[in-house]
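Starting from 1, each residue takes its place in the sequence as its number.
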Amino acid sequence: MNAGYRRSLTRTVCFALVYAAACYAGRRLVVVGNHNLAWPAAGVAVVWFCAHLRAPTRRLDMLLLTLILGTVNWRTGTSAAVGVVAGLVGLIQVLTFLRLLRRWAPHLWGAGGDESLRSPRDLWALLRAGLVATIAACAFGLVGRWLATGSLPAAVTAMSLARHTASILIVGSAGICVGAALDRLPDGHRSIGGWWRRRAPVPRRRMAEIAGICALSVTGHVVVFAYEQRFPMSFALLAITVLVGVRLSTPWVILNNLVVSVVTLRYTLAGNGPFAKVGDVAQQAVVVQLFVTLVALVGLALALGREERQALLIALAQEKEQVKHHADLLTAIIDSMADGLAVIGPDNRVTLRNPAVAGLLTEKELSQLGAPAGTSDLMVRRPGDTESRVLRLTATALAHPDGTHSTVVLLHDVTAERRHRDELTSFAGVVAHDLLNPLTSVEGWTHAAMESLEGVPDHPNVGEAHADLARVTRSSARMRGLIDGLLSYATAREAMVAPAPLDLAEMVADIALTRADAAVACGAPAPRFDIGPLAPVRADPVLVRQLLDNLIGNAIKYTAPGVQPYLRITAETDGAMVTVRIVDNGIGIPEGQHEAIFDNLHRAHLGGGYIGTGLGLTICKRIVERHGGTITAADDPGGGSCFTFTLPCLSLAAGVRPQVDA
């Protein structure tokens, strides 16, 4: 037997003893006619099974509860058959209660969670579960008694309903609060003494108030029940109950409920108090239980409502503090931005701006922008500046609940970037002039030398000269290709993107016709094209032509010798983007290089006579990304490769724009 099972068994024995004492006490709290005035065992049973919700001794708990309840009823005046029915009724009641409580308040202690009563909703869930479970048990008990005795004791059933519901509410609420408090303690402190030592200290003034209210409550109920015939002061109990609920915390209210229940039962059994005047015994028992139930409900509802409100106020204060912290953090971030940020209200009034805006535009210039949502460039020249500055203005609409709109404006000084781009363009021109012109001379003189050697008689040195000149020709061609690729890459990287409506079908057809004519002129097999419907896009015509020409040219170039190139080009629209696929019957992409082929100067096929610079697909990727799209490469199931890229469709939403930064 392991230690966990031994601890559970010990708790089972302790609960069984307490339950037996509660059953015996209930059977002794009788009025005329052997009718019980109260039944504390129902609440004890609920606490027992809540504490042992997942205990390994659950089956033993159910057996002991049934045996104890049946035996106590049998030994205190009922028949054995009625005792058996009573035992089954108690088991049905507690199991039904646990099932309902787990469904309606799973966060409570004993229902699967570890929390105490924290709001009036929890109180209503506890009351509803106890009432429904008691009704189900009473219905079973009524049928069982009818089968055992042949009678239908409706009055006894009504008293049982009131007694058990009150017991579950009062004792059950106390058990849930104590159980939740003990579960929150460390394992070595799970006792009443440990809880008392670890409780939060209470100020003396507050302790005096609690003691005074508790004394007033006990004294008031004793006076009313002991001297009701001399001093009819029953109405004062309502004020005392409200005072207890408003000023005391939930544990103290629960303690007050237990004391009030004991006082009420004590004086009613002695024939004193307002309820002793009720002549009918069944009615008297029901009225007493209704009274203690209402006292408990009013006090707990007021206390839980107040505590819930206090918890909400604390949470609201914490949330306000967090919002303030986030606002301060956001303000610090905005103020530290190098770019200008401003918000222009519906009336063109600047409602927010960071310090960086002051160095870019004045408040008057900001309010006169009237910038639509999107990206545009603005040329400005401030007094004292030696040259104009270029500001990239990004505007985003910000909707308000009343239907109006503000505009969030982001200002970025791109003067240096423009200057860098112009310098790069100039450098590209220098490269084209200073490198391509000498290269052209080398190619021309090489061609002239080869023509001059055509009339020379055969000689070993002549053959060697022809071979050397051929090498020079091939090297010149590779150098020209590399220079052209670098210039194209610089253009694709630095050129401004000018989106415009573009007919993809027309452009693809034109490129296909050009490639077919070039192949025929070179004596190579003319490529076959299968072009599906292509949706129009919104993109830069020059860059997209470069993109398509590169991909189609690669598909034709990387085809096995003697195989006629075949390309299938299709497109489909998905939201704001058009997805284009180019499928070929080429030699494919080596395994593991489907992403690396888009890197700078990466060549997948180094042998086989396939000449390239390794920049073509890098240029394609840059063009697609600058339009806000993506490009991928994959193997085609039928052989060859499949390149897929996306471009903005012609009906692109105003808030989605191509990437235009360098």
Side-chain angles (χ1 to χ4, degrees), residues 15-16 18-50 58-59 61-101 126-172 261 265 280-290 292-293:
F15 272 114
V18 174
Y19 183 70
C23 290
Y24 183 79
R27 292 297 292 167
R28 291 304 177 198
L29 294 175
V30 296
V31 290
V32 180
N34 198 29
H35 295 301
N36 303 95
L37 191 61
W39 190 252
V44 174
V46 163
V47 177
W48 179 2
F49 278 71
C50 283
R58 285 270 296 173
R59 295 183 182 276
D61 293 337
M62 291 188 285
L63 177 62
L64 288 177
L65 183 142
T66 306
L67 289 176
I68 292 172
L69 184 55
T71 302
V72 170
N73 275 270
W74 172 51
R75 298 298 295 174
T76 54
T78 63
S79 64
V82 173
V84 172
V85 171
L88 294 176
V89 166
L91 182 61
I92 291 173
Q93 181 184 45
V94 72
L95 294 180
T96 304
F97 172 83
L98 285 181
R99 186 177 184 86
L100 294 177
L101 192 65
L126 174 65
L127 177 63
R128 184 170 49 167
L131 181 60
V132 174
T134 303
I135 291 175
C138 288
F140 179 84
L142 192 63
V143 174
R145 283 178 176 269
W146 176 71
L147 293 175
T149 63
S151 62
L152 291 173
V156 174
T157 302
M159 287 190 297
S160 297
L161 181 63
R163 290 196 305 263
H164 288 222
T165 303
S167 177
I168 291 176
L169 176 64
I170 297 173
V171 180
S261 300
L265 295 175
D280 187 85
V281 175
Q283 292 180 2
Q284 185 185 62
V286 171
V287 169
V288 169
Q289 297 305 321
L290 285 177
V292 296
T293 300

Participant: Check Y19 against A45 and note the closest heavy-atom contact, atom names and distance.
Facilitator: CE1-CB, 3.6 Å
Participant: With sequence neighbours excluded, tell me which residues meet side chain to side chain contact (heavy atoms under 4.5 Å, CB included) with A136.
Facilitator: none
Participant: Under 3.5 Å, is there a donor-acceptor pair between the side chain of S167 and the main chain of R163?
Facilitator: no
Participant: Taking only residues two or more places apart in sequence or in another chain, which ones pass side chain to side chain contact (heavy atoms under 4.5 Å, CB included) with V132?
Facilitator: L100, W104, R128
Participant: Can you tell me how far CD1 of I168 sits from CD1 of I170, rounded to the nearest 0.5 angstrom?
Facilitator: 11.0 Å
Participant: Can you name the side chain to side chain contact (heavy atoms under 4.5 Å, CB included) partners of R75, sequence neighbours left out?
Facilitator: T71
Participant: Compare every heavy atom of A16 with every heavy atom of I68, then report the nearest pair and how far apart it is.
Facilitator: CD1-O, 3.5 Å
Participant: Give me each pair satisfying side chain to side chain donor-acceptor pair (under 3.5 Å) with a member in residues 38-47, each pair once, sequence neighbours excluded.
Facilitator: none
Participant: What heavy-atom pair brings A41 and A22 nearest, and what distance separates the two atoms?
Facilitator: CA-CB, 3.8 Å
Participant: Can you tell me how far apart CG (L69) and CG (L91) are? Round to the nearest 0.5 Å.
Facilitator: 9.5 Å
Participant: Please tell me if the side chains of F15 and L65 come closer than 4.5 Å, counting only heavy atoms from C-beta onward.
Facilitator: no
Participant: Residues in side chain to side chain contact (heavy atoms under 4.5 Å, CB included) with R58, at least two apart?
Facilitator: F49, L95, L98
Participant: With sequence neighbours left out, what residues match T134 under side-chain hydrogen bond (donor to acceptor under 3.5 Å, both in side chains)?
Facilitator: Q93
Participant: Nearest 0.5 angstrom please: W48 CH2 to D61 CG, how far?
Facilitator: 5.5 Å
Participant: Suppose we screen for side-chain hydrogen bond (donor to acceptor under 3.5 Å, both in side chains). Which residues come up paired with Q289, at least two apart in sequence or across chains?
Facilitator: none
Participant: Working to the nearest 0.5 Å, report the span between OG1 of T165 and CD1 of I135.
Facilitator: 7.0 Å
Participant: Give the C-alpha distance, both sets of side-chain angles, the deciding distance and a yes or no for side chain to side chain contact (heavy atoms under 4.5 Å, CB included) between N73 and V84.
Facilitator: CA-CA 9 Å; N73 275 270; V84 172; over 6 Å; no
Participant: Using side-chain hydrogen bond (donor to acceptor under 3.5 Å, both in side chains) as the criterion, list what pairs up with S261, not counting sequence neighbours.
Facilitator: none
Participant: Looking only at heavy atoms, what is the nearest atom pair of A166 and T293, with distance?
Facilitator: CB-OG1, 3.2 Å
Participant: T96 and I92: which non-hydrogen atoms are nearest, and at how many Å?
Facilitator: OG1-O, 2.7 Å
Participant: Once you round to the nearest 0.5 Å, how far does CG of L131 lie from CG of L126?
Facilitator: 11.0 Å
